[in-house]
Amino acid sequence: MENFLNLFLLSDVPNDLVSFTFFIGTMAMMAASAFFFLSLDAGGAKWRTSILVSGLITFIAAVHYYYMRDASVSGDSVTFFRYVDWILTVPLMCVEFYLILQKAGAQKSLMWNLILLSTVMLVTGYVGESGLGDAVIWGTVSGLSYFVIVYILWFGSAGQLAQKAGGAVLDAFNALKWFVLVGWAIYPIGYMIGTDGWYDFVDALGWNMEVVYNVGDAVNKIGFGLVIYNLAVTDK
Ligand SMILES: *C/C=C(C)/C=C/C=C(C)/C=C/C1=C(C)CCCC1(C)C
């Protein structure tokens with residue numbers, strides 16, 4: 001409890017942009033989770049699991065943001081929490097794709113391929129970002145996995161299934177596809193900003209890699225969930 005109250009204590013209110021975005025991010029993820037969990041039945045039984053997964057994504061993020069915010073005000077690295085968060089939430093986003101295409105006949109293999117690729121993308125990204133390996137080499141491997149994910153969603157079998165489903169499912173799939181192409185592209189930009197010697201001018205603006213990641217998370221995790229929510233209420 002004391003820890004929880006600490007969140008609101010004045011002495012702990014962050015006074016730099018980076019910590020501030022962790023603070024706001026924690027709140028936004030908590031609020032979004034409350035919204036999704038209270039809306040489980042908004043689209044009837046058939047969309048319950050999808051909305052539940054949306055809530056789990058923002059809830060897992062809320063917990064990690066709480067810790068990252070703490071680490072950030074203390075000047076500690078948040079990289080480990082960041083990647084634990086992603087390794088849990090990004091596969092859940094892959095599950096969302098499967099869930100909405102399931103009724104159009106999606107195979108589990110689609111889900112497992114996306115999960116496998118996103119795991120490779122994140123593990124190699126962590127190796128590059130944490131300094132365990134060369135940032136450029138591992139970042140490139142991560143980027144290639146990302147491109148394959150984009151390819152599968154834009155040009156692979158998933159698109160045909162969405163076409164077959166049509167209606168609100170197709171609209172939602174198309175929106176989520178854009179999230180992956182544009183929203184997820186925010187992350188490699190953050191990574192490059194975090195790599196010494198690349199885009200150092202950004203630091204001078206008071207921005208850094210963490211701010212970019214925080215913006216990315218807000219757009220992608222909450223946005224993704226809202227697309228699913230919208231699908232559920234449109235296609236009852
Ligand atoms: C909720 C969190 C999400 C949607 C996180 C997504 C993260 C990525 C798409 C990260 C991608 C990266 C690359 C494509 C290359 C550089 C390393 C990463 C891990 C930042």
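When a ligand or atom number is given, it counts from 1 through the structure's own listing order. Being a predicted model, the structure only gives us computed values, none of them experimental.
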Using salt bridge (Lys or Arg N to Asp or Glu O under 4.0 Å) as the criterion, list what pairs up with Asp217, not counting sequence neighbours.
->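 Once residues adjacent in sequence are excluded, the partners of Asp217 under the salt bridge (Lys or Arg N to Asp or Glu O under 4.0 Å) criterion are Arg82, Lys221.
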Does Lys46 have any salt bridge (Lys or Arg N to Asp or Glu O under 4.0 Å) partners at least two apart in sequence or in another chain, and if so, which?
-> Asp235
Would Trp184 and Trp178 count as a ring pair (Phe, Tyr, Trp, His ring centres under 6.0 Å) if you check the C-alpha gap in whole Å, the side-chain angles of each, and the deciding distance to 0.1 Å?
-> CA-CA 9 Å; Trp184 289 22; Trp178 278 103; over 10 Å; no
State which residues pass ring pair (Phe, Tyr, Trp, His ring centres under 6.0 Å) with Tyr126; sequence neighbours excluded, sorted by chain then number.
-> Tyr83
For ligand 1, the residues whose heavy atoms come within less than 4.0 Å (ordered by chain, then number) | Tyr83, Trp86, Thr89, Val90, Met93, Met121, Gly125, Gly139, Ser142, Gly143, Tyr146, Trp184, Tyr187, Pro188, Tyr191, Tyr213, Asp217, Lys221
Just wondering, are more than 12 heavy atoms of other shown residues or ligands nearer than 6.0 Å to CZ in Phe59?
->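 No, the 6.0 Å shell around CZ holds no more than 12 heavy atoms from other groups.
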Return yes when atom CZ of Phe179 has more than 12 non-hydrogen atoms of other residues, nucleotides or ligands closer than 6.0 Å, and no otherwise.
->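 It does: Phe179 CZ has more than 12 such atoms within range.
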